[in-house]
Amino acid sequence: MTARIERPLSPHMQVYRWTLTMALSIVHRATGIALYVGTLLLAWWLIAAATGPTAYAHVQAFTGSIIGRLIVFGYTWALMHHMLSGIRHFVWDLGYGFKANEREALTWGALIGGIVLTVLIWIVAYAIGGGR
C-alpha cells in the first residue's frame, strides 16, 4: 500500500480572526450587488418620468412609502459605501495603505464616511424640498 502523504489543508474561516477590513471587503461586494438591484429602481423611475404623469405617480407613491424610502435610503448608503470602498481599494492598488494602522484608518474612513455622506445627502434633499 502507498503511504498517505500529509499535506497542509487550506485554512478555513474558523482559522482567521475576523477584522473590520475583512468584513468590509465582503460588504463591498454585497453593496455592488445591491447597486444592481437599486439601479433597476432608478431605471423604473426614469422610464416612468418619460412615460407620463400616471406612471410617475405610481413610482412616487412607492418611493414615498416607508418601505420605498428605506429602500432608497439603503441604495444611497450602498452607493456611498461602495464609492468610498472603491477609493480605498484604489489607494491599495497604488501601493499605499498596507500598514496595519493605515489599513484600519482607510477601513474606518470608508465605513463612517459612507454613513455620514448618506445622512448628509438625505438632510440636503429634505432641506431643498425633495422629501415632501
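Under a cut-off of 6.0 angstrom, the local environment of CZ in F90 is sparse, with at most 12 non-hydrogen atoms contributed by other residues, nucleotides or ligands. Counting heavy atoms of neighbouring residues, nucleotides and ligands inside a 6.0 Å radius, atom CG of L70 exceeds 12 of them. No more than 12 heavy atoms of other residues, nucleotides or ligands lie within 6.0 Å of OH in Y36, so this atom counts as exposed by the packing criterion.
Relative ring orientation between W44 and F62 is described as tilted, the plane-to-plane angle lying within the 30° to 60° band. Note: W77 and H81 have parallel aromatic rings, judged against thresholds of 30 and 60 degrees for the angle between ring planes. Relative orientation of the W45 and Y56 rings is tilted, given thresholds of 30° and 60° on the angle between their planes.
Contact of the Q60 side chain with the T63 side chain is registered, since non-hydrogen atoms from C-beta on lie closer than 4.5 Å. In this structure, R69 and V72 have side chains that are not in contact, with every pair of non-hydrogen atoms separated by 4.5 Å or more. Side-chain contact between V119 and I123 is present, with heavy atoms from C-beta onward closer than 4.5 Å. With a 4.5 Å cut-off on side-chain heavy atoms, H89 and L84 do not count as touching. For the pair F73/T118, a side-chain contact is recorded, criterion being any heavy-atom separation below 4.5 Å from C-beta on.
Rounding to the nearest 0.5 angstrom, the gap separating the NE2 atom in H28 from the CD1 atom in I33 is 11.0 Å. Taking CG of L111 as the start and CG of L106 as the end, the distance is 12.5 Å to the nearest 0.5 Å. Atom CG of L42 and atom CG of L79 lie 9.5 Å apart (nearest 0.5 Å). Atoms OG1 and CG, from T51 and L46 in turn, are 10.5 Å apart once rounded to the nearest 0.5 Å. Annotation: the span from T76 atom OG1 to L120 atom CG amounts to 12.0 Å, rounded to 0.5 Å.
The side-chain contact (heavy atoms from CB on, under 4.5 Å) test applied to S25 returns R29, not counting sequence neighbours.
In plain terms, the two heavy atoms of R103 and W92 that are nearest each other are CG-CZ2, 3.6 Å. Residues L24 and S85 approach most closely at O-OG, 4.5 Å, considering heavy atoms. Listed here is the closest heavy atom pair of G97 and E102: CA-OE1, 3.3 Å. Residues G114 and M80 come closest through the heavy atom pair O-CB, 3.8 Å.
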For T21 and R88, run side chain to side chain contact (heavy atoms under 4.5 Å, CB included): C-alpha distance rounded to whole Å, both residues' side-chain angles, the deciding distance at 0.1 Å, then the answer. CA-CA 11 Å; T21 305; R88 176 176 61 120; 3.9 Å; yes

Please lay out, stage by stage, how T39 and Y75 fare under the test side chain to side chain contact (heavy atoms under 4.5 Å, CB included). CA-CA 9 Å; T39 301; Y75 180 74; 3.4 Å; yes

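There is no path of hydrophobic side-chain contacts, each under 4.5 Å, that joins I71 to V27. In the hydrophobic cluster analysis, where Ile, Leu, Val, Met, Phe, Trp and Tyr join through side-chain heavy atoms closer than 4.5 angstrom, F98 is grouped together with Y96. Linking ILVMFWY side-chain heavy atoms closer than 4.5 Å, directly or via other members, places I121 and L41 in a single hydrophobic cluster.
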